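Residues take their numbers from the sequence shown, with the count starting at 1. Small disclaimer: the values here were computed from a predicted structure and weren't measured. Computation of the quantities below employed the complete heavy-atom set of this structure, encompassing side-chain atoms and omitting hydrogens, waters and symmetry-equivalent molecules.
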Amino acid sequence: MSTPTHFKRRLASELSAMAATEAAPTATRAPARRPRVRFTIAAGIAAAAAAAVVVPTVSGSGSSPAYAVTRQDDGSLILEMRRAEGAPGLQRQLNKMGVRAAVLEGDAHCATGAPSEAPGSHDRYPMTFSDSEPSWQAHIHPDLIHDGETLLIVAESEDDGTTRAVSSRLVTKVPACSVPGIGGGPDAHA
């Protein structure tokens, strides 16, 4: 008989014997499920809180995160952009959150200038701006972005890398570059 076969048979007989014998009564104690339930509820609350506020950091920019995005109860988002160098990460985060957005650093030397607005978009402002300082805050309403449209966000920086200004517009074709100051909407008063 080979060793693996002998081991398998012996293991099977031992497991059968263990299953056939009744376990000896042990001292009674509170079931272990109660702490797990509390832990599960606490973990669920912590996960929900983490999902509600997303604050990615930018590598190489020190301890200050480049941007923060917070989902509101009504499905809108609050965006705070501190450093324009966070544009690629911000774009990925907005896309993950279901917002068709493209985020660019403004380029005063962009040969194509400002991109064309999507037809009929001049009456809708999916991104309104806060007048709070020193960071740039905006309120994004994804439901105002129609099929075939992308919210283009253009940020421009101060010499130290902090955000100087943010502008936005709805476009049907995302450009490779854009001049800064492409427009936006009314101030957000929320």
Side-chain angles (χ1 to χ4, degrees), residues 50-62 64-190:
V53 177
V54 181
V55 185
T57 58
V58 175
S59 60
S61 67
S64 176
Y67 60 88
V69 180
T70 307
R71 184 173 302 279
Q72 303 297 298
D73 292 337
D74 64 358
S76 67
L77 306 170
I78 300 294
L79 164 65
E80 185 175 342
M81 189 156 193
R82 297 177 191 99
R83 303 181 69 77
E85 68 188 23
L90 174 59
Q91 179 174 322
R92 283 189 299 276
Q93 186 62 45
L94 288 171
N95 289 185
K96 277 185 196 176
M97 297 176 87
V99 178
R100 284 184 313 279
V103 184
L104 301 174
E105 279 193 68
D107 179 1
H109 304 292
C110 178
T112 57
S116 299
E117 282 187 286
S121 66
H122 62 276
D123 290 332
R124 289 179 284 122
Y125 298 103
M127 187 165 163
T128 54
F129 297 92
S130 172
D131 52 6
S132 66
E133 291 292 335
S135 62
W136 287 88
Q137 290 186 353
H139 200 146
I140 299 174
H141 298 274
D143 57 328
L144 295 177
I145 303 170
H146 293 175
D147 288 338
E149 296 177 340
T150 301
L151 176 62
L152 177 63
I153 301 170
V154 179
E156 60 182 301
S157 300
E158 297 286 355
D159 291 337
D160 67 356
T162 58
T163 301
R164 174 186 310 151
V166 176
S167 55
S168 70
R169 114 178 348 183
L170 287 170
V171 297
T172 55
K173 183 178 179 189
V174 177
C177 65
S178 175
V179 293
I182 61 171
D187 288 342
H189 299 292

[Y] side chain reached by [X] side chain, heavy atoms, under 4.5 Å:
X    : Y    : result
I182 : L152 : yes
K173 : T150 : no
R169 : P115 : yes

Please give me the minimum heavy-atom distance between [X] and [Y], naming the atom from each residue.
X    : Y    : value
L104 : A176 : CD2-O, 4.1 Å
E149 : A118 : OE2-CB, 3.6 Å
C110 : S178 : SG-N, 3.5 Å
A114 : V179 : N-CG2, 3.7 Å
V171 : S116 : CG1-O, 3.4 Å
G183 : S167 : O-CB, 2.9 Å

CG on L79 to CD on Q137, rounded to 0.5 Å: 8.5 Å

Spacing of NE2 belonging to H122 relative to CD belonging to E117, to within rounding of 0.5 Å: 8.0 Å

Partners meeting side-chain hydrogen bond (donor to acceptor under 3.5 Å, both in side chains) with S76 (sequence neighbours left out): D74, H139

Worked check of side-chain contact (heavy atoms from CB on, under 4.5 Å) between I140 and L94: CA-CA 10 Å; I140 299 174; L94 288 171; 4.2 Å; yes

Candidate list Q93, Q91, R92, test side chain to side chain contact (heavy atoms under 4.5 Å, CB included), partner N95, passing option: Q91

Could you tell me whether a side-chain N or O of [X] sits under 3.5 Å from a main-chain N or O of [Y], the two making a donor and an acceptor?
X    : Y    : answer
Y67  : G89  : yes
R124 : L144 : yes
T163 : R83  : yes

Verdict with supporting geometry, Y125 and S168, side-chain contact (heavy atoms from CB on, under 4.5 Å): CA-CA 9 Å; Y125 298 103; S168 70; over 6 Å; no

Chi angles and distances behind the side-chain contact (heavy atoms from CB on, under 4.5 Å) call for L90, V69: CA-CA 8 Å; L90 174 59; V69 180; 3.7 Å; yes

Residues V99, I145; criterion side-chain contact (heavy atoms from CB on, under 4.5 Å); working and verdict: CA-CA 8 Å; V99 178; I145 303 170; 3.9 Å; yes

Scan the side chains in residues 153-162 for donor-acceptor partners under 3.5 Å anywhere in the protein, sequence neighbours excluded, and list what turns up.
unit_1 : atom_1 : unit_2 : atom_2 : d
E156   : OE1    : R164   : NH1    : 3.3
D160   : OD1    : T162   : N      : 3.0
D160   : OD1    : T162   : OG1    : 2.7

